[in-house]
Amino acid sequence: MRSRFITLEGGEGAGKSTLARALAERLRAMGVSVELTREPGGSARAEAIREAILAGAIKPHGAFAEALMFSAARIDHIDTLIRPALMRGSWVICDRFLDSTRVYQGASGGVDATLLAELEAVTVDGLLPDLTLILDLDPEIGLRRAASRRHPGEASDRFESETLDFHRRLRDAYLAIAAQEPERCLVLDATLSPDALADAAWRAIGERLLQPAEV
Ligand code: Z5A
């Protein structure tokens, strides 16, 4: 079976990490080799950049500086984990990827879309996901889910503490990307239970990525 690259996208608390784990489990049960990874992060250098960004260390320098940092992390992640895994025939499931930069730093952060597209092109160097599952959820629900997961006294991170309006723009931007790139993207209803969401994603993988002989 040839390798595939799947990315999961959506706002805070939409259930991406939960779904990523469920899909990896189902694929492994079929005997498929799977790398489960995330952005920002997924490699030692990218995880170090993640820590700085989510602590808010880059925020004072503006959204474009954050886009550069996410891109630097992505280049290392692609070079050290994603491409090698795909080359050995593994499937890669990545919790967030390039669409997060488009919507967080672009649509919500205000960085010019043309500039971001140029940065994206040099960053991913031709590597695009075979399938992007966009988990669509009212941001008020997602932020409540994210807050309920925090320990008492634990502060919200750099992006969780943005305004509700910022999170609404994210949702609209994800839906716009899905409308512009229907062959790569599929919107899933993230109000579904974790099992129902995994079933819907699994159906999409079967229909879009697996050849009849592989099912
Ligand atoms: N960011 C960016 O700005 N630019 C970029 O290029 C990239 C990222 C790559 C990474 O944070 C931040 O970086 C992110 C965007 C920005 N913004 N923030 N914050 P992160 O990795 O720490 O956070 P996240 O990606 O937003 O994930 P999350 O908040 O952990 O949410 P999630 O992965 O989508 O959800 P979850 O962990 O699976 O579930 C959240 C809770 O809901 C948990 O208690 C679950 O048990 C529950 N849950 C999960 N699924 C369901 C369903 N289906 N129903 C009900 N409850 C559920």
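FYI, the numbering just counts along the sequence from 1. Just follow the structure's listing: the first ligand is 1, and inside any ligand the first atom is 1. Keep in mind the model is a prediction, meaning the values are calculated, not measured.
Both the backbone and the side chain of E12 come within 4.0 Å of ligand 1, judged by heavy-atom distances. For R74, every heavy-atom contact with ligand 1 shorter than 4.0 Å involves the side chain, none the backbone. Under 4.0 Å from ligand 1, the heavy atoms of L54 that appear belong solely to its side chain. Only the side chain of R96 comes within 4.0 Å of ligand 1, counting heavy atoms alone; its backbone N, CA, C and O stay farther away.
The pair R149-E12 does not count as a salt bridge, with every side-chain nitrogen at least 4.0 angstrom from each carboxylate oxygen.
Short contacts between ligand 1 and S193, defined as distances under 4.0 Å to a heavy atom of the residue, involve ligand atoms 53 (N). Contact atoms of ligand 1 toward Q105: 2 (C), 3 (O), 4 (N), 5 (C), 6 (O) (distance under 4.0 Å to a heavy atom of the residue). Set against the non-hydrogen atoms of A14, the atoms of ligand 1 under 4.0 Å away are 34 (O). For ligand 1 and P40, the ligand atoms under 4.0 Å from any heavy atom of the residue are 8 (C), 9 (C), 10 (C), 13 (O).
For Y174, there are no ring-ring contact (aromatic ring centres under 6.0 Å, His included) partners, not counting sequence neighbours.
For residues 110-121, the set of pairs meeting the side chain to side chain donor-acceptor pair (under 3.5 Å) definition, not counting sequence neighbours, comprises R102-E120.
Residue-ligand proximity: R50 is placed with a non-hydrogen atom under 4.0 Å from ligand 1.
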